[in-house]
Amino acid sequence: MGRWKSGRVVSTREETPSGRSIVLDVPGWGGNIAGQHVDVRLTAEDGYTATRSYSIASADGSDRIELAVDRLPDGEVSPFLVDVLAVGDELEVRGPLGGWFVWKPEQTEPVQLIAGGSGIVPIVAMIRAHAAAGSRARFELLYSVRTPSDVFFASELEGLTTTYGRTTVYTREVPTGWPVLPGRVTREVLAEHTIPASERPSVFVCGPTGFVEAIADWLVELGHDPARVKTERFGGT
Amino acid sequence: MAGFTRGFSGRQREESPELPPGQFLTHDFPVLSAGPTPRVDLDEWEFSINTETGEKHSWDWAALQALAIDDVSTDIHCVTRWSKLGTSWRGVSLDTLFAEVETSYDYTMAHSYGGYTTNVPLDDLLDGKAWIAFEFDGEPLDPEHGGPARLLIPHLYFWKSAKWIRSIEMTADDDPGFWEQNGYHIYGDPWQEQRYW
């Protein structure tokens, strides 16, 4: 994991009305495993610092890392990263961190990915790693978002449908011509659109606390072994 | 690199002396767990301390409630950088639970319902430093926060305060538990910022 390293912003892209992706060049980074996160440290002119952890959307083994950050209205760091940080700016990063919520290309079992909102970020890293490795492991994504414009990495996720299966649930507003009304993921939707417990998939669930709590409880009720259900929760209760 | 981040002035500026370095205050209560929340019936709940001789000291829910119960007001600090100040808990001191336990080992491994583990030196559980807590803010502890009962070791990062506590095993060595095997510090002192290793 090592010491703080300097990262330089090489590009940014607006992903949603409240979030954007940021590509950093970090000499000496040396790659990360899909699903890991990084600490980002900001320093004010008077020496005050603020540090937060962000999931990494990339896992390509290079010295470039991609983050995707959603602006928290009361946040201190995320509004800066989404609204102020510009190409050429430098910030400090430390990582990669975390050895649990990760997927490695040598894994061959089926994988069910379940993301709520910006919880898609570590999941995208896994989908990218899966595609880059030419993995034949079955990969399925269930993605819950408020509206079509809240989808992170929309065109890339759209373009990769040959390497993984995808179901999107829109909770507030659906695309034109969408066959179902907006609504939250229910236990029935979960049962219908995920790999059944009998196939013993590894399951990764990432999103807001309430979403992850509900999904993980239902997965256990549907027969999934709790030891095969890995979770990342964000936000409070 | 430049010594500061262009355009960042900082906003929260909490300089409370109760706040360890690198922490920010939250009034919320974030949940961090590696998997689904275990649901443990009080009828089936048991906590035990197991020693190197094979001796097992165990308590069911009624036996735990019959012990001396402490009201604890304390600050808690999560490795993910949030701290809550002045939280209120009720629980049984580990001093009470260890009163009859004989051991020559210096370390422990806490085991949870659901399979979570974390290592803690015995000294960090004794002398009024740790509890088996079952109430938070005057209410029974929510399952997502570790109910029916969790370890409470406020002077260490909160991943050491194992949720859904089931047993404490005496160990000869300071073997790493779950998060310690996954990159977290073996000890976890918030004032030393012992986050990762």
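Convention: sequence-line order gives letters A, B, ...; per-chain numbering from 1. Worth knowing before you read on, the calculation uses all heavy atoms, side chains too, and leaves out hydrogens, waters and symmetry mates.
- Here A/E92 does not pair with A/R3 in a salt bridge; the nearest charged N to carboxylate O distance is not below 4.0 Å.
- Of the atoms belonging to A/A227, not a single heavy atom falls under 4.5 Å from chain B.
- By the 4.0 Å N-to-carboxylate-O rule, A/R138 lies close enough to A/E199 to be salt-bridged with it.
- Taking the charged nitrogens against the carboxylate oxygens, A/R200 and A/E109 have no contact shorter than 4.0 Å, which rules out a salt bridge.
- Interface residue B/W179: only side-chain heavy atoms are found under 4.5 Å from chain A.
- Within residues 28-42 of chain A, the residues approaching chain B closer than 4.5 Å by heavy atoms are, in numerical order, A/D39, A/R41, A/L42.
- Ranked by heavy-atom pairs under 4.5 Å with chain A, the list B/P143, B/G7, B/A34, B/S9 is led by B/A34.
- When each of A/V77, A/L219, A/V205, A/D89 is checked for heavy-atom pairs under 4.5 Å with chain B, A/D89 comes out on top.
- With no hydrogens or angles considered, no side-chain donor-acceptor pair links A/D150 and A/T16 at under 3.5 Å.
- Residues B/W164 and B/E144 approach most closely at CZ2-O, 4.5 Å, considering heavy atoms.
- Checking B/I165, B/I132, B/V72 one by one against B/L152, the side chain to side chain contact (heavy atoms under 4.5 Å, CB included) holds for a single residue, B/V72.
- Of the atoms belonging to A/E45, heavy atoms from both backbone and side chain fall under 4.5 Å from chain B.
- Partners of A/V84 under the side-chain contact (heavy atoms from CB on, under 4.5 Å) rule, at least two apart in sequence or in another chain, are A/F80, B/R6.
- Sorted by first and then second residue, the ring-ring contact (aromatic ring centres under 6.0 Å, His included) pairs with a member in residues 122-143 of chain B read B/F29-B/F136, B/W61-B/F134, B/W89-B/F136; sequence neighbours excluded.
- Evaluation of the side-chain contact (heavy atoms from CB on, under 4.5 Å) rule for A/K230 yields A/W100, A/F101, A/F204 as partners, not counting sequence neighbours.
- When the candidates A/P226, A/P79, A/A216, A/A44 are compared by the number of heavy-atom contacts under 4.5 Å with chain B, A/A44 comes out ahead.
- At a 4.5 Å heavy-atom cutoff, B/Y184 makes no contact with chain A through either its backbone or its side chain.
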